[in-house]
Amino acid sequence: MTTVTHVRLEHHEPGRLGIGEARPRISWHIVDAPADFAPHGAEIRVSRTLRGTTTESTHALDGSDQVLVDWPAAPLASREAVAVSVRVSDGEKWSDWSDAVTAEAGLLQADDWKAVPVGSADDPGEGPHRRPERVRREFTLDGPVTRARAYVTAHGVIELELNGQRVGDEELTPGWTSYTHRLRYATFDVTDQLRAGANCAGAWLGDGWWRGRLGFAGGLRDIYGDALGAIVQLEVELEDGTVQTIVTDSEWQAGSGPILMSDLYDGERYDAREEDAGWSTAGFDASEWSPVAVRDAGTPEMVAPSGPPLRVVETLSPVEVMDRGDGRFLLDFGQNHSGRLRIKASGPEGHTIRLRHAEVLVDGELCTEPLRTAEVTDEITLAGEDVDWSPRFTIHGYRFAEVSGWVGDLTPGDVVSEVIHSDMERLGWFATSDERIARLHENVVWSLRGNFVDIPTDCPQRDERLGWTGDIQVFAPTATFLYGVTGLLSSWLQDLAAEQDELDWVPPYVPYIEIPPFDAMTHDPLAVWGDVASLTPLVLFERTGDLALLRRQYESAKAWLASVEANAGDDRICADTEQLGDWLDPNAPAEDPTKAMTDRYLVATAYFAWAARRLSQTAAHLGEEADAERYAALADEVAAAYADRYISADGTVDGDSQTGYALTEAFDLWPSPEIREKGTTRLAALVDEADGRVSTGFAGTPVVTDALSRTGHLAEAYRMLECEEAPSWLYAVKNGGTTIWERWDSLKPDGTVNAGDMTSFNHYALGSIADWMHRVVAGIEAVEPGWKRIRFAPRPGGDLTSASATHVTPYGTASISWTLSDGEVHVSATVPVGATAVMDLPDGTVTELGHGTHEATFALTADGAL
Ligand code: BGC
């Protein structure tokens, strides 16, 4: 029976409190509809509650929209709660009403905020690690509580307690935004944590991104300020209808707690002897606490989250415990990930247990060189009592941990690892008969998880962890398939636009902080990296149908292209600019990843043409016809200049590198079909000569297999995919990698870690091949924005005997699977209601598909090739 499910508001998880949209757009899935069902209008029922009064309205919608449909009712007021259900009609019969999705508006007006930042009045002092303070306040509520909310943010990171109990399950609140422009807040339902009479609020603070160490080569501290501040606004509705508001202000007290230091890179030190039980309960003796100082709030916009919070999303137990004697144990969690340890320990008073972390072992011990200067060490000093402890405000990237100072046996369950990242909805899966390739895909998933830590970071372990623009630019197509990343990236792109506006430059990482050596950069437009401004909003639109996001980023996208255009000059070649080029091409010397085989200006000019082409498409989606024409003409001009400068009549692309050919093909830069034929044949020959080994870096890797598979060289694309020799994707898999490595040979064939000061085992950029695996190996891709139309085009090859992929599209679940047996390939594909599809098989059959599941079969040619 036709049923409406998966109702969502914007990109929020169901039940989200404190959303920032007064007119949240609505999406839903339709399932179990008969084959002849055609959506013919919908009704949206909105139940809204403000200050105890609930009203309901129903809104009729014509047509068949079901993705990000405009809010049909009056805008939400600050704090207004909504429950939204949907039913659909086929023109005759209505479905049942869906389950309601709930949400609640946050503080939508700047003057809703009364809380100000408060912290210790003591001089924070100098020195690498300063003890973070806690703040508290007791207050009386005049009657029973019917509803209470806590709006929470900080200068630093914060965890709130009410009456001795932790509030919510979010980690590292408020995450990292460009704090000078946008400060995000979190909203919690605290109704059950408050009561009539005496109450107490207490907040833990940590350095976080505000004043902790950021950047390499020692990095910088105090980037946003040297003082911490809690910003808490409690709004409590009482049974008699009155509202009591308790906010951080000069009435609060500050005191130090058991956290002696807390840093994202270096870890946390905790002294259990300094615990003062009851500090966040009423009646506690706070005579040693002092009045707080009220801090300058600055002028950032207070923003609600558009993506999910950080949470502990999974707990891993060690797969191996290695006893090294003297209370020292090495633990293998079997999976590289981001998170922290949780320990259940006991020992004498004053005894210290130390936790260290690393991604790999060398000679049976933690290899910490790749962490560079990040200490990544947590310590607890015991008070003589049993503890169940984990650090509060730090996060590490590791597979292995060393526990030292342990007293007695370490049994499974004593130490577990809490996996922490942005709590995104899983949307995509891939499977195949070749276990090595399935593991490669799993490694991509884990690298995404390890690096979506509120912002899209480059790596989760060393003294970096920055929002590098190039990394997410190349990985966004893969990321959008695997997880619901749009809310998170939407926030990050707003930070990017804010920074770009201020700097008149798209910085190489966002949030931008002036750390050496990047403070000395020329501010030339950096191809591949800065291109995130124009390319990524369009990718997000294509994968989600979010036109408002595309519109919101349009000025930023245009400003980016304008800067490239101005820099390139009249000849349209991006010469003489600072460029990172085909970063980490495996042929470049280990110490200079920019010295790639492919000319960096070729890469930049190819990207210039592509950014203009894609911006023209963006403009067309937005109805900006004049812009669309202008950018298309610019793209043509740049493509012609590129061909003139870099492509010979015999199809040779300057430098004769895999990346040069791949970019030329992927960005449609060939001057003629004949030259294209010659050039792509040369690419295939290069791959054959290399026995399938990869010689591409960040620029070429995302496009090289596509360039082969779409020009009749599928066999070479599979040859690359199945190659196990370095450099290749499976080299890392063969060598035990559980995430995607930064370098093709982060671990060298002789078992040593690639020297140099840049070797991470968890960088997602080279995992951008997974997008090709979804689209070409399994054979599923969106061909109209938001997956309104799907193309199933499986291209079996290599030694694979099956592959499948599933994606929860904005319309519902779409999937494909194929199996090869006895020379025949059997395909099964599912189209969600509301979408249409085309099945395009290698034997030339093209079939239109409506919703539902469809089967097809095609034969391999006699020689086994397709
Ligand atoms: C980061 C990269 C980044 C690159 C660019 C590295 O340190 O980890 O992933 O894109 O620098 O310079």
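First listed ligand is number 1; within each ligand, the first listed atom is number 1. The structure displayed is predicted, hence computed values, not measured ones.
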- Query: According to the interplanar angle, ranging from 0 to 90°, do the rings of Y642 and Y646 count as parallel (below 30°), tilted (30 to 60°) or perpendicular (above 60°)?
  - Reply: tilted
- Sorted by chain and number, sequence neighbours left out, salt bridge (Lys or Arg N to Asp or Glu O under 4.0 Å) with D332 holds for R399
- Non-neighbouring partners of R600 that pass side-chain hydrogen bond (donor to acceptor under 3.5 Å, both in side chains), sequence neighbours left out: none
- Query: Should E555 and K558 count as an ion pair when the cut-off is N to O under 4.0 Å?
  - Reply: yes
- Item | ring pair (Phe, Tyr, Trp, His ring centres under 6.0 Å) involving F481 - partner list, sequence neighbours excluded | H774, H807
- Item | Residues D706, R775: salt bridge by 4.0 Å N-O rule | yes
Anything under 3.5 Å between an N or O on ligand 1 and a protein N or O? List each pair with its distance, or write none.
from	atom 1	to	atom 2	distance (Å)
ligand 1	7 (O)	E464	OE1	3.2
ligand 1	7 (O)	E464	OE2	2.7
ligand 1	8 (O)	D458	OD2	2.7
ligand 1	8 (O)	R462	NH2	2.8
ligand 1	8 (O)	H763	NE2	2.9
ligand 1	9 (O)	D471	OD1	3.3
ligand 1	9 (O)	D471	OD2	2.5
ligand 1	9 (O)	H763	NE2	3.0
ligand 1	10 (O)	D471	OD1	2.6
ligand 1	10 (O)	W529	NE1	2.9

